[in-house]
Amino acid sequence: MASGLESYINQTVSVITSDGRNFIGTLKGFDQTINVILDESHERVFSSSTGVAQVVLGLHIIRGDNIAIVGQIDESIDSRLDLGNIRAEPLGPIVH
């Protein structure tokens with residue numbers, strides 16, 4: 001996974017953690033255990049009744065053992081989303 005992350009440096013990514021949280025930010029770095037550093041980050045909190053809330057975090061470090069998936073965000077599509085009108089159940093934790 002580490003070699004695949006190199007192409008995402010300084011790109012906007014989404015990180016979904018094993019407890020179901022979704023973080024969006026600019027990938028600034030990572031190490032051999034896939035600990036990641038996100039800058040200008042925020043957490044998207046999904047709700048079936050109030051839409052998607054965004055909690056601003058700024059510079060944020062996520063431990064690699066808590067990461068389920070990392071993916072690049074298409075900023076042109078993401079900027080057109082009306083997050084206030086999107087309704088979704090929060091993701092559940094991953095069960096091992």
Give the minimum heavy-atom separation between [X] and [Y], together with the two atoms involved.
X   : Y   : result
L57 : E43 : CD1-N, 3.9 Å
S41 : G58 : OG-O, 2.5 Å
I24 : T12 : CG2-CG2, 3.9 Å

Shared hydrophobic cluster for [X] and [Y] (ILVMFWY, side-chain gaps under 4.5 Å):
X   : Y   : result
F23 : V52 : no
V70 : I37 : no
F30 : Y8  : yes

Rounded distance [0.5 Å steps], [atom1] in [X] versus [atom2] in [Y]:
X   : Y   : atom1 : atom2 : result
N35 : I61 : CG    : CD1   : 8.0 Å
I86 : R44 : CD1   : CZ    : 8.0 Å
L27 : I73 : CG    : CD1   : 12.0 Å
R87 : T50 : CZ    : OG1   : 6.5 Å
L59 : L38 : CG    : CG    : 8.5 Å
T17 : N66 : OG1   : CG    : 5.0 Å

Over 12 non-hydrogen atoms of neighbours within 6.0 angstrom of CZ in R63: no
N22 and S14: side chain donor to acceptor below 3.5 Å: yes
Flag side-chain contact, heavy atom, 4.5 Å: K28 against T26: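 Heavy-atom side-chain distance check passes, below 4.5 Å.
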